[in-house]
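These numbers come from the heavy atoms of this one structure, side chains and all, not from hydrogens, waters or symmetry mates. When a residue number appears, it is its place in the shown sequence, counting from 1.
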Amino acid sequence: MSTETAPSTTAVREDDAHRVAVQQPRRAAQPEPQPNRPKAVPGPSSTAWRIPLAVLIGGMFMSILDVSIVNVAIATIQSDFGGSTADVAWITTAYSLVLGVVVPASAWLGDRFGLDRVYMISLGGFALASALCGLAWSLNSLIAFRVIQAIPGGLLPVVTLTMVYRIVPRHKIGTAMGMYGLGIVFAPAIGPTLGGYLVEYVSWRLVFYINVPVGILGLVAAAMALPKFTRAPTRPFDVWGFITVATGLVALLLAFSEGQSWGWFSYRVLILMAGGLLLLALFVTIELEVDHPLLNLKVFHSAAYTTSLIIMGVMMTGMFATLFYIPLFLQAGQGYQALDTGLLLLPQALVMAVLMPISGRLYDKIGPRWLVVSGLLVAAFGSYGLAGINPDMTREKVVLWMCIRAAGVGMAMMSIMTGGLASLNPDMTNTGSAINTVVQRVSAALGLAALTAMATAQQAQLAQGRADLLEGTSDQAAHLHFLQLFGLYRRTQVAVLADSYANVFLLTAGFTALAAVGALFLRSGPAQHTGEGQPAMMAE
């Protein structure tokens, strides 16, 4: 009897244990223990994140590509619609300003309506707004449609970045972010090449129309491949926090966008700068006092995350400065056409495309510290090489130094972003992604504007100095032929342009090298994870 009863007792205990094990995930999924933590349904295996990641990369690539590809078409749009240079500049300025309004609200929207739903609505809205931009019949209508396009365009980067951290296992996040980073750095680099071809050989309207089929395919893929993200418990929208941060960011972006044309010390620019800073300070005060802040500023308690934001700002400023001043010098200084200039930018984009996945795999093995330090030092060396820019610099040297700098960016960019966000608790990833996107956009705009102001001031100073030198040779100049005088003037102008840009790259190299020192305080070694198949940012 005892030999028969023991097995049945053991079976009963095993059955009870099985029921407890089955019920345990159900209890853990209830919102009471962590009411503010958004949850997603895990994939069936540890590799199930790869296909959703590919879908997210496509949407991210499209939204960021649009920023750089449109810049190439500005001159052609002006010739079609007319208007001053300041008026046409609002095609990009309006887009940037609306981003400053939308991005802070993206974290709340993702929690309230579900990340997958917000992603699909944003992707469809971006494709629809792109079609409207292509149909624009005047400059004002195009600017209005760009404002509409910026709403989903601002949501996509934040939502996709948050979803990546929710679907990818912690020990694979470096590899995933290495692939994801292609949309952040490869799209702005390849944009001028693709835009130059479309504008020169087809039509500037195709710059917008190209987003429509890509958006439709992305929607179909998202509906089939993306996991379902459950909504967080409803929390009230922080109205005053939204008003202060949105208005403050818009004021600063507008001041730095228009500072060159309005005058950096004009009343409008100074009032916008002072007002923007005061509003952002008020936003911080509000967020620390309210029960349900729009952006959880506790993310700054993480030293790794805060350090990553500072380094990210330096890197984005240097990257966009390179992508802005090198094409400008090649076209204005050396007479290259838009498509030829874009082709010269293509090799450095390919270098980043190759190194991003490699650096992601290395991140999983050795952590961010040495990847970021070495990448920043290589990027600083590349910027120092570009500081030797001059009217006689061959395009081979320009491409070489740009590729060296791109190699450093490819090594460091995703490692610093991944290391910062990975240091946050899962329930703070949404806020961390939003602030990360704001820092990328604002640092690129503000840094580029500050460097442009410095370059413009130096051009005026250098031009005046060379004019004073030429006055001493006025007798010899009087005997020169008109074409010789024009050639002398032209070479002087290009030399002034090159010298001012050289100083910009020298300053960029110094700040990048300084950022490498700060990167020494980042984590070294592989990230800790609790399970082989369990994504660190998903529901247990």
Trainee: Mind checking the OH-CD1 spacing from Tyr180 to Ile57? Nearest 0.5 Å is all I need.
Mentor: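 Output value for this atom pair is 9.0 Å.
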Trainee: May I ask you to test the Met414-Tyr363 pair for a side-chain heavy-atom distance under 4.5 Å?
Mentor: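 No, every pair of side-chain atoms sits at 4.5 Å or beyond.
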Trainee: Any side-chain heavy atom of Met417 within less than 4.5 Å of one from Gln440?
Mentor: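 Of all side-chain heavy-atom pairs linking Gln440 with Met417, at least one is under 4.5 Å.
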Trainee: Are the side chain of Ser443 and the backbone of Met316 linked by a donor-acceptor contact shorter than 3.5 Å?
Mentor: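 No.
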Trainee: What are the two closest non-hydrogen atoms of Val399 and Leu344, and how far apart are they?
Mentor: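 Heavy atoms only, the tightest pair is CG2-O, 3.7 Å.
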Trainee: Between CE of Met315 and CD1 of Ile310, what distance do you get to the nearest 0.5 Å?
Mentor: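 Result: 14.0 Å between the selected atoms.
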Trainee: Between Phe242 and Val101, does the side-chain contact (heavy atoms from CB on, under 4.5 Å) criterion hold? Intermediate values first, please.
Mentor: CA-CA 8 Å; Phe242 173 74; Val101 175; 3.7 Å; yes
Trainee: Would you say the side chains of Arg405 and Ser383 form a donor-acceptor pair under 3.5 Å?
Mentor: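 A pair is found: one side chain offers a donor N or O, the other an acceptor, under 3.5 Å apart.
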Trainee: How close do Ser106 and Leu155 get, counting heavy atoms only, and between which atoms?
Mentor: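 The pair with the smallest heavy-atom distance is CB-CD2, 3.5 Å.
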Trainee: Using a 3.5 Å distance criterion without hydrogens, assess whether the side chain of Ser63 forms a donor-acceptor pair with backbone atoms of Met60.
Mentor: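 At least one qualifying donor-acceptor pair exists.
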Trainee: Heavy atoms, side chains only, cut-off 4.5 Å: are Val245 and Leu279 in contact?
Mentor: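 SC-SC contact between Val245 and Leu279 ruled out.
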Trainee: Provide the closest heavy-atom pair for Pro327 versus Leu345 in the form atom of the first, atom of the second, distance.
Mentor: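 Heavy atoms only, the tightest pair is CG-CD1, 3.6 Å.
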Trainee: Indicate yes or no: at least one non-hydrogen side-chain atom of Asn390 is less than 4.5 angstrom from one of Asp499.
Mentor: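 Not touching, per the 4.5 Å side-chain cut-off.
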Trainee: Does a donor on one side chain and an acceptor on the other come within less than 3.5 Å for Ser433 and Thr162?
Mentor: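 Looking only at side-chain atoms, Thr162 and Ser433 do form a donor-acceptor pair, the distance falling under 3.5 Å.
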Trainee: Would you call the rings of Tyr501 and Tyr325 parallel, tilted or perpendicular, taking 30° and 60° as the class edges?
Mentor: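 The rings of Tyr501 and Tyr325 sit tilted, inter-plane angle from 30° to 60°.
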Trainee: For the side chain to side chain contact (heavy atoms under 4.5 Å, CB included) test, which of Leu506, Thr508, Thr512 pairs with Tyr384?
Mentor: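 Exactly one pass, corresponding to Leu506.
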Trainee: On a heavy-atom basis, which atom in Leu99 and which in Ala150 lie closest, and how many Å separate them?
Mentor: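 Looks like CD2-O, 3.5 Å.
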Trainee: Under the side-chain contact (heavy atoms from CB on, under 4.5 Å) rule, what do Phe126 and Asn211 come out as? Steps first, then yes or no, please.
Mentor: CA-CA 8 Å; Phe126 192 83; Asn211 292 328; 3.7 Å; yes
Trainee: Might you work through the side-chain contact (heavy atoms from CB on, under 4.5 Å) test for Leu142 and Cys133, ending with a clear yes or no?
Mentor: CA-CA 5 Å; Leu142 178 57; Cys133 291; 3.9 Å; yes
Trainee: Atom CE of residue position Met179 - does it have more than 12 heavy atoms of other residues, nucleotides or ligands inside 6.0 Å?
Mentor: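 For Met179, atom CE is not crowded (no more than 12 foreign heavy atoms under 6.0 Å).
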Trainee: Hey, are the side chains of Trp262 and Leu272 touching, using non-hydrogen atoms and a 4.5 Å cut-off?
Mentor: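 In contact.
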Trainee: Does the side chain of Ser138 pick up a donor-acceptor pair with the side chain of Ser141 at under 3.5 Å?
Mentor: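 Judged by distance alone, the side chains do pair up.
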Trainee: Just how far is it from atom CD1 of Ile69 to atom CG of Leu206, taken to the nearest 0.5 Å?
Mentor: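 Answer rounded to 0.5 Å: 8.5 Å.
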Trainee: Identify the two heavy atoms, one from Phe208 and one from Gly134, that lie closest to each other, and give their separation to 0.1 Å.
Mentor: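 Scanning both residues, the minimum pair turns out to be CB-N, 3.8 Å.
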Trainee: Picking from Leu520, Leu522, Thr307, what satisfies side chain to side chain contact (heavy atoms under 4.5 Å, CB included) with Val372?
Mentor: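 The option that passes is Leu522.
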Trainee: With a 4.5 Å cut-off on side-chain heavy atoms, are Tyr209 and Leu135 touching?
Mentor: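 The answer is yes; the side chains approach within 4.5 Å.
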Trainee: What I'd like to find out is whether the side chain of Leu376 reaches to under 4.5 Å of the side chain of Phe511, using heavy atoms alone.
Mentor: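 The answer is no; the side chains never approach within 4.5 Å.
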Trainee: Supply the atom-to-atom distance Leu371 CG to Ser359 OG, rounded to the nearest 0.5 angstrom.
Mentor: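 So the gap between those two atoms works out to 6.5 Å.
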Trainee: Tell me, with the steps shown, if Trp137 and Phe145 meet ring-ring contact (aromatic ring centres under 6.0 Å, His included).
Mentor: CA-CA 11 Å; Trp137 56 88; Phe145 292 144; 5.8 Å; yes
Trainee: I'd like to check Met356 versus Met411 (side-chain heavy atoms, cut-off strictly below 4.5 Å). Are they in contact?
Mentor: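 With C-beta onward as the side chain, the pair stays apart.
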Trainee: Out of curiosity, Leu254 CG to Thr247 OG1, how far, rounded to the nearest 0.5 Å?
Mentor: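 One gets 12.0 Å once the value is rounded to the nearest 0.5 Å.
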Trainee: Going from CG on Leu421 to CG on Asn436, what distance comes out if it is rounded to the nearest 0.5 angstrom?
Mentor: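 Going from the CG atom of Leu421 to the CG atom of Asn436 covers 5.0 Å.
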Trainee: Ignoring hydrogens, what is the shortest heavy-atom contact between Leu156 and Thr160? Give both atom names and the distance.
Mentor: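 Looks like O-OG1, 2.7 Å.
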Trainee: More than 12 heavy atoms of other residues, nucleotides or ligands under 6.0 Å from CZ of Phe81: yes or no?
Mentor: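 Yes, because the 6.0 Å sphere around CZ of Phe81 holds more than 12 heavy atoms from other groups.
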Trainee: Step by step, work out the side-chain contact (heavy atoms from CB on, under 4.5 Å) result for Leu295 and Phe283.
Mentor: CA-CA 10 Å; Leu295 296 175; Phe283 165 73; 4.1 Å; yes
Trainee: Main chain of Ala129, side chain of Arg146: is a donor-acceptor contact present, judged purely on distance under 3.5 Å?
Mentor: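 No, Arg146 side chain to Ala129 backbone: no donor-acceptor pair under 3.5 Å.
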Trainee: Distance alone, cut at 3.5 Å: any donor-acceptor contact between the side chains of Ser302 and Ser423?
Mentor: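 Indeed, the side chains of Ser302 and Ser423 share at least one donor-acceptor pair under 3.5 Å.
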